[in-house]
2 protein chains.
Amino acid sequence: MKTLKISEAVVRRLPIYLRHLLELKQREVLTVSSQDLGQKLDLNPAQIRKDLAYFGDFGRKGIGYDVSYLIEQIKHILKLDQKVHVGLVGAGKLGHALCNYTVYLNDNMKIVAVFDAQPSKINTTINNLRVQPMEELQSTVINNRIRIGIITVPALEAQQVADQFVEAGVEAILNFAPVILKVPAHIRVHTADFTTDLFSLAYYLQDDEEGKDLVTHDDNINRT
Amino acid sequence: MKTLKISEAVVRRLPIYLRHLLELKQREVLTVSSQDLGQKLDLNPAQIRKDLAYFGDFGRKGIGYDVSYLIEQIKHILKLDQKVHVGLVGAGKLGHALCNYTVYLNDNMKIVAVFDAQPSKINTTINNLRVQPMEELQSTVINNRIRIGIITVPALEAQQVADQFVEAGVEAILNFAPVILKVPAHIRVHTADFTTDLFSLAYYLQDDEEGKDLVTHDDNINRT
DNA sequence: GAACATCTGTTATTCTTAAAACAGAAATGG
DNA sequence: CCATTTCTGTTTTAAGAATAACAGATGTTC
(Lines give C-alpha, C1' and ligand atoms only; values in the text may rest on other atoms or scores of the structure.)
Protein backbone atom coordinates (compact mmCIF):
# COMPACT_ATOMS: atom_id res chain seq x y z
CA MET A 1 0.00 0.00 0.00
CA LYS A 2 2.81 2.31 0.74
CA THR A 3 3.91 3.20 -2.75
CA LEU A 4 7.31 3.86 -1.35
CA LYS A 5 9.68 4.22 -4.20
CA ILE A 6 12.76 2.11 -3.91
CA SER A 7 16.06 3.66 -4.82
CA GLU A 8 17.78 2.34 -7.89
CA ALA A 9 20.88 1.77 -5.81
CA VAL A 10 18.93 -0.57 -3.57
CA VAL A 11 17.59 -2.54 -6.52
CA ARG A 12 21.06 -2.90 -7.93
CA ARG A 13 22.27 -4.44 -4.71
CA LEU A 14 19.57 -7.07 -4.54
CA PRO A 15 21.09 -9.29 -7.23
CA ILE A 16 24.37 -9.10 -5.39
CA TYR A 17 22.75 -10.29 -2.20
CA LEU A 18 20.98 -13.01 -4.10
CA ARG A 19 24.14 -14.26 -5.72
CA HIS A 20 25.95 -14.60 -2.46
CA LEU A 21 22.98 -16.20 -0.76
CA LEU A 22 22.82 -18.82 -3.48
CA GLU A 23 26.43 -19.58 -2.86
CA LEU A 24 25.78 -19.87 0.87
CA LYS A 25 22.90 -22.20 0.23
CA GLN A 26 25.07 -24.40 -1.90
CA ARG A 27 27.48 -24.57 0.98
CA GLU A 28 24.54 -25.52 3.17
CA VAL A 29 24.78 -22.45 5.34
CA LEU A 30 21.38 -22.00 6.97
CA THR A 31 21.43 -18.46 8.30
CA VAL A 32 23.47 -15.35 7.74
CA SER A 33 23.73 -12.00 9.47
CA SER A 34 23.94 -8.59 7.87
CA GLN A 35 27.40 -8.37 9.36
CA ASP A 36 28.57 -11.48 7.55
CA LEU A 37 27.01 -10.37 4.31
CA GLY A 38 28.52 -6.95 4.62
CA GLN A 39 31.95 -8.34 5.14
CA LYS A 40 31.73 -10.60 2.14
CA LEU A 41 30.21 -8.02 -0.14
CA ASP A 42 32.08 -4.95 1.04
CA LEU A 43 28.93 -3.23 2.16
CA ASN A 44 27.79 -1.60 5.34
CA PRO A 45 25.66 -4.01 7.40
CA ALA A 46 23.22 -1.25 8.26
CA GLN A 47 22.68 -0.63 4.61
CA ILE A 48 21.95 -4.27 3.94
CA ARG A 49 19.43 -4.41 6.77
CA LYS A 50 17.78 -1.26 5.53
CA ASP A 51 17.68 -2.47 1.96
CA LEU A 52 15.97 -5.68 2.94
CA ALA A 53 13.64 -3.98 5.37
CA TYR A 54 12.15 -1.94 2.54
CA PHE A 55 10.53 -5.12 1.31
CA GLY A 56 9.55 -6.82 4.53
CA ASP A 57 10.74 -8.26 7.80
CA PHE A 58 12.83 -11.09 6.54
CA GLY A 59 15.22 -11.45 9.42
CA ARG A 60 14.95 -12.60 12.99
CA LYS A 61 16.46 -10.66 15.82
CA GLY A 62 19.33 -12.42 17.47
CA ILE A 63 19.70 -14.84 14.59
CA GLY A 64 19.89 -13.17 11.22
CA TYR A 65 18.37 -14.19 7.92
CA ASP A 66 17.30 -17.64 6.88
CA VAL A 67 19.25 -18.19 3.71
CA SER A 68 16.66 -20.17 1.79
CA TYR A 69 13.82 -17.93 2.81
CA LEU A 70 15.67 -14.79 1.89
CA ILE A 71 16.57 -16.25 -1.48
CA GLU A 72 12.91 -16.87 -2.18
CA GLN A 73 11.99 -13.39 -1.09
CA ILE A 74 14.60 -11.65 -3.21
CA LYS A 75 13.71 -13.78 -6.18
CA HIS A 76 10.14 -12.69 -5.74
CA ILE A 77 11.08 -9.04 -5.45
CA LEU A 78 13.18 -9.26 -8.59
CA LYS A 79 10.36 -11.13 -10.33
CA LEU A 80 12.64 -14.04 -10.89
CA ASP A 81 9.91 -16.33 -9.67
CA GLN A 82 8.17 -15.71 -12.98
CA LYS A 83 9.40 -16.69 -16.38
CA VAL A 84 11.24 -13.73 -17.83
CA HIS A 85 12.05 -14.19 -21.48
CA VAL A 86 14.91 -12.26 -22.97
CA GLY A 87 15.74 -11.52 -26.60
CA LEU A 88 19.14 -10.58 -27.93
CA VAL A 89 20.09 -8.69 -31.06
CA GLY A 90 23.64 -8.98 -32.29
CA ALA A 91 25.09 -12.42 -32.79
CA GLY A 92 28.69 -11.33 -32.51
CA LYS A 93 31.26 -12.41 -29.97
CA LEU A 94 29.63 -10.48 -27.20
CA GLY A 95 26.21 -11.84 -28.01
CA HIS A 96 27.65 -15.33 -27.99
CA ALA A 97 29.28 -14.74 -24.64
CA LEU A 98 26.07 -13.50 -23.08
CA CYS A 99 24.09 -16.46 -24.35
CA ASN A 100 26.51 -18.88 -22.77
CA TYR A 101 26.81 -16.94 -19.58
CA THR A 102 23.24 -16.52 -18.61
CA VAL A 103 22.27 -20.05 -19.46
CA TYR A 104 22.99 -21.56 -16.11
CA LEU A 105 22.13 -18.69 -13.89
CA ASN A 106 18.45 -18.73 -13.32
CA ASP A 107 15.91 -21.08 -14.75
CA ASN A 108 13.32 -18.39 -15.11
CA MET A 109 15.40 -15.76 -16.81
CA LYS A 110 16.44 -17.01 -20.20
CA ILE A 111 17.55 -15.78 -23.56
CA VAL A 112 14.99 -17.39 -25.82
CA ALA A 113 15.74 -15.73 -29.16
CA VAL A 114 18.69 -14.25 -31.00
CA PHE A 115 18.55 -11.89 -33.95
CA ASP A 116 21.02 -10.40 -36.37
CA ALA A 117 20.87 -8.28 -39.48
CA GLN A 118 23.83 -9.84 -41.26
CA PRO A 119 22.75 -12.51 -43.75
CA SER A 120 25.86 -14.53 -43.02
CA LYS A 121 24.83 -14.92 -39.39
CA ILE A 122 21.24 -15.84 -40.01
CA ASN A 123 20.30 -19.45 -39.43
CA THR A 124 23.54 -20.17 -37.64
CA THR A 125 23.08 -21.59 -34.18
CA ILE A 126 24.04 -20.18 -30.79
CA ASN A 127 23.44 -22.35 -27.82
CA ASN A 128 20.64 -24.24 -29.56
CA LEU A 129 19.04 -21.04 -30.70
CA ARG A 130 18.68 -20.28 -34.38
CA VAL A 131 19.81 -16.79 -35.27
CA GLN A 132 16.78 -15.08 -36.76
CA PRO A 133 16.60 -12.19 -39.20
CA MET A 134 15.43 -8.83 -37.91
CA GLU A 135 12.17 -9.18 -39.79
CA GLU A 136 11.13 -11.86 -37.34
CA LEU A 137 11.82 -9.75 -34.30
CA GLN A 138 8.40 -8.28 -33.80
CA SER A 139 6.47 -11.52 -34.12
CA THR A 140 8.94 -13.53 -32.09
CA VAL A 141 8.92 -11.01 -29.27
CA ILE A 142 5.16 -11.11 -29.15
CA ASN A 143 4.73 -14.85 -29.51
CA ASN A 144 7.40 -15.71 -26.97
CA ARG A 145 6.45 -12.98 -24.55
CA ILE A 146 9.93 -11.53 -24.61
CA ARG A 147 10.07 -8.80 -22.01
CA ILE A 148 13.71 -7.76 -21.96
CA GLY A 149 15.85 -6.94 -24.96
CA ILE A 150 19.63 -7.09 -25.04
CA ILE A 151 21.46 -5.04 -27.63
CA THR A 152 24.94 -6.12 -28.68
CA VAL A 153 25.26 -4.44 -32.04
CA PRO A 154 27.60 -1.64 -33.15
CA ALA A 155 26.84 1.83 -31.86
CA LEU A 156 25.41 3.10 -35.11
CA GLU A 157 22.73 0.44 -35.28
CA ALA A 158 21.78 0.39 -31.62
CA GLN A 159 19.10 3.07 -31.67
CA GLN A 160 17.37 1.42 -34.57
CA VAL A 161 17.33 -1.90 -32.79
CA ALA A 162 16.04 -0.25 -29.64
CA ASP A 163 13.18 1.28 -31.62
CA GLN A 164 12.24 -2.13 -32.94
CA PHE A 165 12.36 -3.65 -29.48
CA VAL A 166 10.17 -0.90 -28.12
CA GLU A 167 7.67 -1.23 -30.91
CA ALA A 168 7.53 -4.96 -30.38
CA GLY A 169 6.66 -4.31 -26.76
CA VAL A 170 9.63 -5.16 -24.59
CA GLU A 171 9.59 -3.52 -21.18
CA ALA A 172 13.29 -3.13 -20.58
CA ILE A 173 16.51 -2.97 -22.54
CA LEU A 174 20.04 -3.83 -21.62
CA ASN A 175 22.27 -1.93 -24.00
CA PHE A 176 25.92 -2.80 -24.57
CA ALA A 177 26.47 -0.31 -27.36
CA PRO A 178 28.27 2.90 -26.50
CA VAL A 179 25.39 5.25 -27.17
CA ILE A 180 22.64 6.88 -25.16
CA LEU A 181 19.39 5.36 -26.36
CA LYS A 182 16.25 7.42 -26.70
CA VAL A 183 13.21 5.47 -25.61
CA PRO A 184 9.78 6.27 -24.19
CA ALA A 185 9.74 6.94 -20.47
CA HIS A 186 7.99 3.70 -19.56
CA ILE A 187 10.83 1.61 -20.96
CA ARG A 188 13.67 0.90 -18.60
CA VAL A 189 17.10 1.08 -20.15
CA HIS A 190 20.37 0.13 -18.62
CA THR A 191 23.59 0.84 -20.45
CA ALA A 192 26.40 -1.59 -19.84
CA ASP A 193 29.22 0.00 -21.70
CA PHE A 194 32.68 -1.20 -20.82
CA THR A 195 34.51 1.47 -22.71
CA THR A 196 33.03 3.85 -20.18
CA ASP A 197 34.22 1.57 -17.42
CA LEU A 198 37.70 1.32 -18.81
CA PHE A 199 38.09 5.01 -19.45
CA SER A 200 36.89 5.99 -16.03
CA LEU A 201 39.30 3.49 -14.50
CA ALA A 202 42.15 5.27 -16.23
CA TYR A 203 41.31 8.37 -14.24
CA TYR A 204 42.43 6.64 -11.09
CA LEU A 205 45.82 5.60 -12.41
CA GLN A 206 48.84 7.19 -10.85
CA ASP A 207 50.36 9.95 -12.89
CA ASP A 208 53.22 9.00 -15.12
CA GLU A 209 56.68 8.97 -13.59
CA GLU A 210 58.35 11.46 -15.81
CA GLY A 211 57.23 14.51 -13.97
CA LYS A 212 54.10 15.43 -15.76
CA ASP A 213 53.51 18.48 -13.65
CA LEU A 214 49.83 18.50 -14.22
CA VAL A 215 49.62 22.12 -13.34
CA THR A 216 45.92 22.28 -13.01
CA HIS A 217 43.89 22.24 -9.86
CA ASP A 218 43.00 18.59 -10.00
CA ASP A 219 46.47 17.34 -9.49
CA ASN A 220 46.55 14.47 -7.15
CA ILE A 221 49.72 14.45 -5.25
CA ASN A 222 49.54 10.76 -4.78
CA ARG A 223 52.54 9.00 -6.14
CA THR A 224 53.42 5.41 -5.74
CA MET B 1 46.26 22.72 -5.49
CA LYS B 2 42.79 22.20 -4.22
CA THR B 3 42.86 18.55 -3.28
CA LEU B 4 39.18 18.51 -3.97
CA LYS B 5 38.10 14.97 -4.36
CA ILE B 6 36.04 14.32 -7.42
CA SER B 7 32.95 12.22 -7.08
CA GLU B 8 32.97 8.85 -8.72
CA ALA B 9 29.76 9.76 -10.48
CA VAL B 10 31.49 12.69 -12.12
CA VAL B 11 34.36 10.55 -13.32
CA ARG B 12 31.96 8.06 -14.80
CA ARG B 13 30.32 10.76 -16.86
CA LEU B 14 33.54 12.07 -18.37
CA PRO B 15 33.93 9.20 -20.84
CA ILE B 16 30.37 9.78 -21.93
CA TYR B 17 31.08 13.41 -22.64
CA LEU B 18 34.23 12.43 -24.45
CA ARG B 19 32.49 9.93 -26.62
CA HIS B 20 29.90 12.39 -27.79
CA LEU B 21 32.46 15.12 -28.32
CA LEU B 22 34.46 12.83 -30.58
CA GLU B 23 31.36 12.23 -32.59
CA LEU B 24 30.73 15.96 -32.83
CA LYS B 25 34.27 16.54 -33.96
CA GLN B 26 33.90 13.96 -36.66
CA ARG B 27 30.87 15.86 -37.85
CA GLU B 28 33.02 18.98 -37.78
CA VAL B 29 30.98 20.70 -35.13
CA LEU B 30 33.20 23.36 -33.59
CA THR B 31 31.46 24.33 -30.37
CA VAL B 32 28.81 22.85 -28.16
CA SER B 33 26.80 24.13 -25.20
CA SER B 34 25.97 22.30 -22.02
CA GLN B 35 22.37 22.51 -23.13
CA ASP B 36 23.08 20.65 -26.37
CA LEU B 37 25.16 18.05 -24.60
CA GLY B 38 22.53 17.57 -21.95
CA GLN B 39 19.86 16.99 -24.50
CA LYS B 40 21.89 14.42 -26.37
CA LEU B 41 23.09 12.61 -23.28
CA ASP B 42 19.97 12.84 -21.14
CA LEU B 43 21.72 14.83 -18.49
CA ASN B 44 21.03 18.08 -16.74
CA PRO B 45 23.02 20.93 -18.34
CA ALA B 46 23.87 22.36 -14.94
CA GLN B 47 25.38 19.06 -13.99
CA ILE B 48 27.54 18.97 -17.07
CA ARG B 49 28.81 22.49 -16.46
CA LYS B 50 29.56 21.65 -12.87
CA ASP B 51 31.31 18.43 -13.77
CA LEU B 52 33.60 20.18 -16.21
CA ALA B 53 34.18 23.13 -13.93
CA TYR B 54 35.76 20.84 -11.36
CA PHE B 55 38.71 20.48 -13.68
CA GLY B 56 39.04 23.95 -15.10
CA ASP B 57 37.38 26.72 -17.03
CA PHE B 58 36.99 25.03 -20.35
CA GLY B 59 34.01 26.93 -21.69
CA ARG B 60 33.43 30.47 -22.82
CA LYS B 61 30.46 32.45 -21.69
CA GLY B 62 28.02 33.17 -24.40
CA ILE B 63 29.53 30.53 -26.65
CA GLY B 64 29.94 27.17 -25.02
CA TYR B 65 32.76 24.68 -25.28
CA ASP B 66 35.25 24.34 -28.08
CA VAL B 67 34.84 20.73 -29.11
CA SER B 68 38.47 19.98 -29.94
CA TYR B 69 39.80 21.74 -26.89
CA LEU B 70 37.39 20.00 -24.57
CA ILE B 71 38.32 16.66 -26.06
CA GLU B 72 41.96 17.29 -25.32
CA GLN B 73 41.17 18.36 -21.80
CA ILE B 74 39.02 15.37 -20.97
CA LYS B 75 41.57 13.04 -22.50
CA HIS B 76 44.13 14.59 -20.25
CA ILE B 77 41.96 14.28 -17.18
CA LEU B 78 41.29 10.63 -17.95
CA LYS B 79 45.01 10.12 -18.62
CA LEU B 80 44.21 9.04 -22.14
CA ASP B 81 46.96 11.31 -23.38
CA GLN B 82 49.41 8.76 -22.00
CA LYS B 83 49.85 5.23 -23.17
CA VAL B 84 47.73 3.01 -20.95
CA HIS B 85 48.43 -0.65 -21.46
CA VAL B 86 45.80 -3.17 -20.58
CA GLY B 87 46.08 -6.91 -19.98
CA LEU B 88 43.26 -9.39 -20.22
CA VAL B 89 42.87 -12.78 -18.60
CA GLY B 90 40.29 -15.13 -20.05
CA ALA B 91 40.39 -15.84 -23.74
CA GLY B 92 36.78 -16.91 -23.98
CA LYS B 93 34.05 -15.34 -26.04
CA LEU B 94 33.83 -12.32 -23.81
CA GLY B 95 37.57 -11.81 -23.86
CA HIS B 96 37.48 -12.04 -27.62
CA ALA B 97 34.70 -9.52 -27.83
CA LEU B 98 36.54 -7.02 -25.63
CA CYS B 99 39.72 -7.31 -27.64
CA ASN B 100 37.91 -6.50 -30.83
CA TYR B 101 35.86 -3.74 -29.32
CA THR B 102 38.50 -1.66 -27.70
CA VAL B 103 40.86 -1.85 -30.61
CA TYR B 104 39.63 1.16 -32.47
CA LEU B 105 38.60 3.31 -29.61
CA ASN B 106 41.62 5.12 -28.38
CA ASP B 107 45.14 4.83 -29.61
CA ASN B 108 46.59 5.19 -26.18
CA MET B 109 44.46 2.68 -24.35
CA LYS B 110 45.14 -0.76 -25.71
CA ILE B 111 44.92 -4.38 -24.76
CA VAL B 112 48.49 -5.50 -25.26
CA ALA B 113 48.43 -9.00 -23.78
CA VAL B 114 45.98 -11.85 -23.33
CA PHE B 115 46.31 -14.73 -20.91
CA ASP B 116 44.49 -17.96 -20.25
CA ALA B 117 44.96 -20.98 -18.05
CA GLN B 118 43.52 -23.53 -20.44
CA PRO B 119 46.25 -25.30 -22.42
CA SER B 120 43.97 -25.53 -25.44
CA LYS B 121 43.76 -21.75 -25.64
CA ILE B 122 47.43 -21.03 -25.22
CA ASN B 123 49.28 -19.91 -28.31
CA THR B 124 46.10 -19.29 -30.21
CA THR B 125 45.79 -15.78 -31.54
CA ILE B 126 43.29 -13.06 -30.76
CA ASN B 127 43.53 -9.90 -32.74
CA ASN B 128 47.22 -10.41 -33.44
CA LEU B 129 47.92 -11.19 -29.81
CA ARG B 130 49.25 -14.56 -28.76
CA VAL B 131 47.37 -16.03 -25.85
CA GLN B 132 49.93 -16.52 -23.12
CA PRO B 133 49.95 -18.96 -20.22
CA MET B 134 49.36 -17.61 -16.74
CA GLU B 135 52.98 -18.21 -15.82
CA GLU B 136 53.96 -15.37 -18.11
CA LEU B 137 51.57 -12.90 -16.55
CA GLN B 138 53.88 -11.36 -14.01
CA SER B 139 56.78 -10.76 -16.35
CA THR B 140 54.60 -9.57 -19.19
CA VAL B 141 52.79 -7.10 -16.99
CA ILE B 142 56.05 -5.68 -15.78
CA ASN B 143 57.84 -5.59 -19.11
CA ASN B 144 54.93 -4.06 -20.97
CA ARG B 145 53.96 -1.67 -18.22
CA ILE B 146 50.46 -3.04 -18.07
CA ARG B 147 48.49 -0.87 -15.69
CA ILE B 148 44.95 -2.12 -16.01
CA GLY B 149 43.83 -5.74 -15.82
CA ILE B 150 40.63 -7.10 -17.28
CA ILE B 151 39.21 -10.31 -15.86
CA THR B 152 36.91 -12.40 -18.01
CA VAL B 153 37.23 -15.79 -16.37
CA PRO B 154 34.62 -17.85 -14.51
CA ALA B 155 33.64 -16.61 -11.07
CA LEU B 156 35.57 -19.26 -9.21
CA GLU B 157 38.89 -18.30 -10.76
CA ALA B 158 38.45 -14.56 -10.66
CA GLN B 159 39.89 -13.87 -7.22
CA GLN B 160 42.97 -15.87 -8.01
CA VAL B 161 43.53 -13.94 -11.20
CA ALA B 162 43.00 -10.68 -9.36
CA ASP B 163 45.65 -11.66 -6.84
CA GLN B 164 48.10 -12.32 -9.63
CA PHE B 165 47.31 -9.01 -11.27
CA VAL B 166 47.82 -7.19 -8.01
CA GLU B 167 51.07 -8.92 -7.31
CA ALA B 168 52.30 -8.11 -10.78
CA GLY B 169 51.57 -4.47 -10.06
CA VAL B 170 48.53 -3.39 -12.01
CA GLU B 171 46.81 -0.31 -10.63
CA ALA B 172 43.24 -1.04 -11.61
CA ILE B 173 41.05 -3.99 -12.47
CA LEU B 174 37.94 -4.29 -14.57
CA ASN B 175 36.18 -7.42 -13.44
CA PHE B 176 33.50 -9.14 -15.46
CA ALA B 177 33.13 -12.14 -13.19
CA PRO B 178 30.13 -12.18 -10.85
CA VAL B 179 32.09 -11.96 -7.61
CA ILE B 180 33.23 -9.25 -5.25
CA LEU B 181 37.00 -9.16 -5.47
CA LYS B 182 39.15 -8.54 -2.44
CA VAL B 183 42.09 -6.34 -3.27
CA PRO B 184 44.31 -3.88 -1.39
CA ALA B 185 42.83 -0.44 -0.96
CA HIS B 186 45.13 1.24 -3.42
CA ILE B 187 43.89 -0.89 -6.29
CA ARG B 188 40.84 0.38 -8.07
CA VAL B 189 38.31 -2.26 -9.01
CA HIS B 190 35.26 -1.87 -11.12
CA THR B 191 32.83 -4.74 -11.47
CA ALA B 192 31.01 -4.97 -14.77
CA ASP B 193 28.66 -7.81 -14.16
CA PHE B 194 25.76 -8.08 -16.54
CA THR B 195 23.89 -10.68 -14.56
CA THR B 196 23.48 -7.98 -11.97
CA ASP B 197 22.27 -5.64 -14.67
CA LEU B 198 19.82 -8.14 -16.04
CA PHE B 199 18.43 -9.14 -12.68
CA SER B 200 17.94 -5.59 -11.54
CA LEU B 201 16.17 -4.82 -14.80
CA ALA B 202 13.69 -7.56 -14.03
CA TYR B 203 12.64 -5.63 -10.95
CA TYR B 204 11.17 -2.94 -13.13
CA LEU B 205 9.03 -5.27 -15.19
CA GLN B 206 5.31 -4.94 -14.84
CA ASP B 207 3.77 -7.56 -12.64
CA ASP B 208 2.21 -10.44 -14.43
CA GLU B 209 -1.37 -9.95 -15.53
CA GLU B 210 -3.07 -12.26 -13.10
CA GLY B 211 -1.53 -10.73 -10.02
CA LYS B 212 -2.29 -7.11 -10.64
CA ASP B 213 -3.10 -6.48 -7.00
CA LEU B 214 0.30 -5.25 -5.97
CA VAL B 215 -1.09 -4.44 -2.58
CA THR B 216 2.05 -4.01 -0.65
CA HIS B 217 5.67 -4.28 -1.39
CA ASP B 218 6.39 -7.01 1.11
CA ASP B 219 3.29 -9.12 0.90
CA ASN B 220 4.14 -12.31 -0.86
CA ILE B 221 1.04 -12.94 -2.85
CA ASN B 222 3.31 -14.29 -5.46
CA ARG B 223 1.45 -16.29 -7.99
CA THR B 224 3.10 -17.22 -11.20
C1' DG C 1 26.80 51.13 -29.38
C1' DA C 2 22.90 49.98 -26.55
C1' DA C 3 19.58 46.26 -25.84
C1' DC C 4 19.02 41.56 -25.99
C1' DA C 5 20.09 36.76 -26.13
C1' DT C 6 23.32 33.20 -25.03
C1' DC C 7 25.85 30.48 -22.07
C1' DT C 8 29.34 29.66 -18.48
C1' DG C 9 31.02 29.03 -13.56
C1' DT C 10 29.62 29.36 -8.97
C1' DT C 11 26.68 29.58 -5.11
C1' DA C 12 22.48 28.13 -2.87
C1' DT C 13 18.91 24.85 -2.30
C1' DT C 14 16.67 20.63 -2.51
C1' DC C 15 16.64 15.89 -2.79
C1' DT C 16 18.68 11.43 -2.16
C1' DT C 17 21.59 8.04 -0.14
C1' DA C 18 24.56 6.20 3.30
C1' DA C 19 25.99 5.65 8.04
C1' DA C 20 25.34 5.64 12.83
C1' DA C 21 22.65 5.03 16.92
C1' DC C 22 19.42 2.60 19.43
C1' DA C 23 15.38 -0.01 21.26
C1' DG C 24 13.64 -4.53 21.41
C1' DA C 25 13.38 -9.52 20.28
C1' DA C 26 15.80 -14.08 20.35
C1' DA C 27 19.06 -17.12 21.81
C1' DT C 28 22.85 -18.76 24.93
C1' DG C 29 25.25 -19.97 29.07
C1' DG C 30 25.95 -20.48 33.48
C1' DC D 1 15.97 -17.97 35.21
C1' DC D 2 18.65 -13.96 34.88
C1' DA D 3 22.48 -11.71 32.61
C1' DT D 4 24.79 -11.29 28.46
C1' DT D 5 25.37 -11.47 23.63
C1' DT D 6 23.63 -11.30 19.08
C1' DC D 7 21.30 -9.20 15.61
C1' DT D 8 17.26 -7.03 13.41
C1' DG D 9 14.29 -2.98 12.00
C1' DT D 10 13.73 1.77 12.62
C1' DT D 11 14.88 6.36 13.72
C1' DT D 12 18.26 9.93 13.61
C1' DT D 13 22.07 12.09 11.82
C1' DA D 14 25.38 13.03 8.43
C1' DA D 15 27.09 13.08 3.84
C1' DG D 16 26.62 13.45 -0.96
C1' DA D 17 24.69 14.43 -5.40
C1' DA D 18 21.57 16.66 -8.46
C1' DT D 19 19.03 20.68 -9.55
C1' DA D 20 18.00 25.42 -9.56
C1' DA D 21 19.25 30.22 -9.36
C1' DC D 22 22.08 33.88 -10.62
C1' DA D 23 25.94 37.10 -11.62
C1' DG D 24 29.20 38.03 -15.15
C1' DA D 25 31.13 37.48 -19.91
C1' DT D 26 30.49 37.21 -24.84
C1' DG D 27 28.41 37.79 -29.01
C1' DT D 28 24.59 39.55 -32.05
C1' DT D 29 21.27 42.65 -33.95
C1' DC D 30 19.47 46.71 -35.28
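Side chains are part of it too, since the values below use all heavy atoms of this structure and drop only hydrogens, waters and symmetry mates. Residue numbers start from 1 in every chain, and the chains themselves are labelled A, B, ... in the order their sequence lines are given, proteins ahead of strands. The structure displayed is predicted, hence computed values, not measured ones.
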B:His190 meets the side chain to side chain donor-acceptor pair (under 3.5 Å) criterion, sequence neighbours left out, with A:Asp197, B:Arg12
Qualifying residues under salt bridge (Lys or Arg N to Asp or Glu O under 4.0 Å), relative to A:Asp36, sequence neighbours excluded: none
5'-most contact on DNA chain C (nearest-nucleotide basis), A:Ser7 vs B:Ser34, goes to B:Ser34
Sort and list the pairs that fulfil side chain to side chain donor-acceptor pair (under 3.5 Å) and have at least one residue in residues 152-161 of chain B, not counting sequence neighbours. B:Gln159-B:Asp163
Taking only the side-chain nitrogens and oxygens of B:Arg13, find out if one of them lies under 4.0 Å from OP1 or OP2 of D:dA18. yes
Under a criterion of less than 4.0 angstrom to any heavy atom of chain B, what are the 5'-terminal and 3'-terminal contacting nucleotides of DNA chain C? C:dT6 to C:dA12
Within a radius of less than 6.0 Å around CD of B:Gln47, do more than 12 heavy atoms belonging to other residues, nucleotides or ligands occur? yes
For A:Asp66, enumerate each residue passing the salt bridge (Lys or Arg N to Asp or Glu O under 4.0 Å) test, keeping only those at least two apart in sequence or located in another chain. none
Round to a whole Å and report the spacing from CG of B:Asp51 to P of D:dG16. 17 Å
Starting from C1' on D:dT8, measure out to CG on A:Asp36 and report it in whole angstrom. 13 Å
Tabulated below should be each protein N or O lying under 3.5 Å from an N or O of nucleotides 19-22 of chain D; please produce it.
residue : atom : partner : partner atom : Å
D:dT19  : O4   : B:Lys50 : NZ           : 3.4

Short heteroatom pairs, N/O only, protein and nucleotides 27-30 of chain D, under 3.5 Å:
residue : atom : partner : partner atom : Å
D:dG27  : OP1  : B:Arg60 : NH2          : 2.5

Spacing of A:Leu52 atom CG relative to D:dT8 atom C1', expressed in whole Å: 10 Å
Check: residues 22-29 of chain A side-chain donor-acceptor pairs under 3.5 Å, at least two apart:
residue : atom : partner : partner atom : Å
A:Glu23 : OE2  : A:Arg27 : NH2          : 3.4

Test of understanding: with ring-ring contact (aromatic ring centres under 6.0 Å, His included), list the residues that count as partners of A:Phe176, not counting sequence neighbours. B:Phe194
Among all residues two or more places apart in sequence or in another chain, which pass the salt bridge (Lys or Arg N to Asp or Glu O under 4.0 Å) test with A:Arg49? none
With B:Glu8 via salt bridge (Lys or Arg N to Asp or Glu O under 4.0 Å) - residues at least two apart: B:Arg188
Distance in angstrom units between A:Asp66 CG and D:dC7 P, rounded: 15 Å
What is the distance, to the nearest angstrom, from the CG atom on B:Asp57 to the P atom on D:dA25? 12 Å
I need the full list of salt bridge (charged side-chain N to carboxylate O under 4.0 Å, His left out) pairs touching residues 171-187 of chain A, with sequence neighbours left out, sorted by first then second residue. A:Arg147-A:Glu171, A:Lys182-B:Asp42
Going from CE on B:Met109 to CG on A:Leu205, what distance comes out if it is rounded to the nearest 0.5 angstrom? 7.5 Å
